[in-house]
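So you know, we letter chains A, B, ... as the sequences are listed, proteins then strands, and number each from 1. Given the structure is predicted, the values throughout are model-derived calculations rather than measurements.
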Amino acid sequence: MSMFANILRYLFFGLVVRPVVMIVLGLNVRNRYRLVKNGPAIVIANHNSHLDTMVLMTLLPFRLLHKIHPVAAADYFLRNRVLAWFALSIIGIIPLQRSVKASHSDPLAGATAALDRGDILILFPEGSRGEPEKMSELKNGVSHLAKRHPDVPVIPIYLHGLGKALPKGEALLVPFFCDVFVGETLFWKGNRQRYIETLTSRFEELDAECCHSDEWDNDE
Amino acid sequence: MMGFLDHFLDHLQPNAVWALVIIFVLLVIATLISYALKLKNSSRDYSELLSRIHSWWVMATLFAVVFLLSRSTALVFFAFISFLALKEYLSLIPTRRADHRVLFWVYAAIPFQYYWASMEWFGMFIIFIPVYLFLFMPMRMVIIGEVDGFLRAAGTLHWGVMITVFSLSHIAYLLVLPVEGNPIGGGAGLVIFLVVLTQLNDVSQYVWGKLLGRRKVIEKVSPNKTWEGFIGGVLTTTLLATLAAPWLTPLNLYESILAGLIIGMGGFIGDVIISAVKRDLKVKDSGNLLPGHGGILDRVDSLTYTAPLFFHYLYYLHY
């Protein structure tokens, strides 16, 4: 990444993203001490809104910004040149080909290289944003990465409220407090199925910890 | 140097500045007492009390700084508190996905409401929310067209704006009341009188309750509230009101007794009403913005009642 793009990136996050996330939204972070202080690491979270990435990047130390890379769908974020420049240079995404057949090369090569450099990856194992405030099934990408990098810690984070602040298909941001539950660090389990099961149950625990008042009469 | 200070504090009456100093004297005393308690009973856990007092220091410092800077800074500060309280309320309650854009207008009402206060347009200030916003919101909801849960959504949104924006904005209007009506304390003196007495009322109801509390007032809503705490708190607040009123307000002795009763009882009601909301939603605190206190709504709950009640009482008598 060029020096110029890196400066723009710090300015954008320092002057726009952080103030919006901290003041317009506001975070209630539980178990902040479980966050990583340095790379390499993989941060995974449930995905409801474009704000998810912004919140996760605000949570991690500002001085590490140049090392943080969200892994994001190439077909969505590289669909035109302006968006591609913004996604690659300012947000710093590592593009991922969602259909493996489209390319014969290793789809996770970019992510692996970044981890080898000591960077921090942000991953949404559900794949896409899905139904607001509902979790869908976890995809396998994260277990492939974890298997290749068994020493890299994986930190599960459960986000709640962002699907209300900026839901899929809405362009208008409305302020809501966002609850952030940082889960216990996880390492590779030696078996993909067991790994995904552990991750899923970790997210279910975090979900249970979260306050649920999204529906009236939820006690009946 | 003195000339600079005089000019710097032009917008405040001397008594208001002294009142700010007294707040910090009280905080120093509270801090010393809590550390003394900790030393005396080293077996008991005072971390909650200490973090509560630490938060008081932060809040009092912010409060004092915005007052010393300028009237506009203080108005922006109170508008921001309304924003935080409304955001906390809307984050707690269930909202409908369809009302996304209605919520935007609800937030947009805050700058308008505080702007009317800053330009001292009393007529608009007093009807903007209950007339214009409350007629506009259902219309906006109907244009979206989602009828499922319409009544519940309209009711919860209206009430939320009422307590977090309309009620609290009365603090801002106290601040802009003409200084001729209160030459000794000015608008700032009135705000300090209201806010400090409301907060001390919370504290003294708590302390009296801890010392003597036996008979529950409304067990289903707030199991820790007792008649002893309530009455002890109201009497303490009334006494403090009669002591502070001659320094900060235009109220005479009899008027200040009634002002103390209004703040003492109003504060209690505002407090238990937010407790009822939390109980309904099955949460303990409204948020965790203020360590030891909970969220911002936990802190301004009493003010949602005392601010409009004290304002209109005073306005009727002296303006």
Next item on the list: Please round to the nearest 0.5 Å and tell me the distance separating atom CG of B:Leu90 and atom CZ of A:Phe177.
Entry: 10.5 Å

Next item on the list: Identify which part of B:Phe104 has an atom lying under 4.5 Å from any heavy atom of chain A, answering side chain, backbone, both or neither.
Entry: both

Margin query: Check this for me: B:Tyr206, atom OH, are more than 12 non-hydrogen atoms of other residues, nucleotides or ligands nearer than 6.0 Å?
Written below: no

Checklist line | Approximate separation, where rounding is to 0.5 Å, of A:Leu172 CG and B:His100 NE2 | finding: 5.0 Å

Item checked: side chain to side chain contact (heavy atoms under 4.5 Å, CB included) involving B:Leu27 - partner list, sequence neighbours excluded -> B:Phe24, B:Trp56, B:Trp57, B:Ala60

Next item on the list: Quick one: pull up CG in A:Asp179 and OG in B:Ser91 and give me the separation to the nearest 0.5 Å.
Entry: 8.0 Å

Notebook entry, point to check: Hey, is CZ on B:Phe134 packed in by over 12 heavy atoms from elsewhere, all under 6.0 Å?
Noted result: yes

Next item on the list: With a 4.5 angstrom heavy-atom cut-off, could you sort out which part of A:Ile23 is near chain B: side chain, backbone, both or neither?
Entry: both

Check: Backbone N or O of A:Pro175 within a donor-acceptor pair of the B:Tyr107 side chain at under 3.5 Å?
Finding: yes

Next item on the list: Please check if atom OH in B:Tyr132 has more than 12 non-hydrogen atoms from other residues, nucleotides or ligands closer than 6.0 Å.
Entry: no

Margin query: Can you confirm whether A:Arg79 is buried at CZ, in the sense that more than 12 heavy atoms of other residues, nucleotides or ligands lie under 6.0 Å from that atom?
Written below: yes

Item checked: Spacing of B:Arg97 atom CZ and A:Lys164 atom NZ [to the nearest 0.5 Å] -> 12.0 Å

Note to self: Under the rule for side chain to side chain contact (heavy atoms under 4.5 Å, CB included), what residues qualify as partners of A:Pro19, not counting sequence neighbours?
What the structure shows: none

Notebook entry, point to check: Which value, rounded to the nearest 0.5 Å, describes the distance between A:Phe176 atom CZ and B:Glu88 atom CD?
Noted result: 13.0 Å

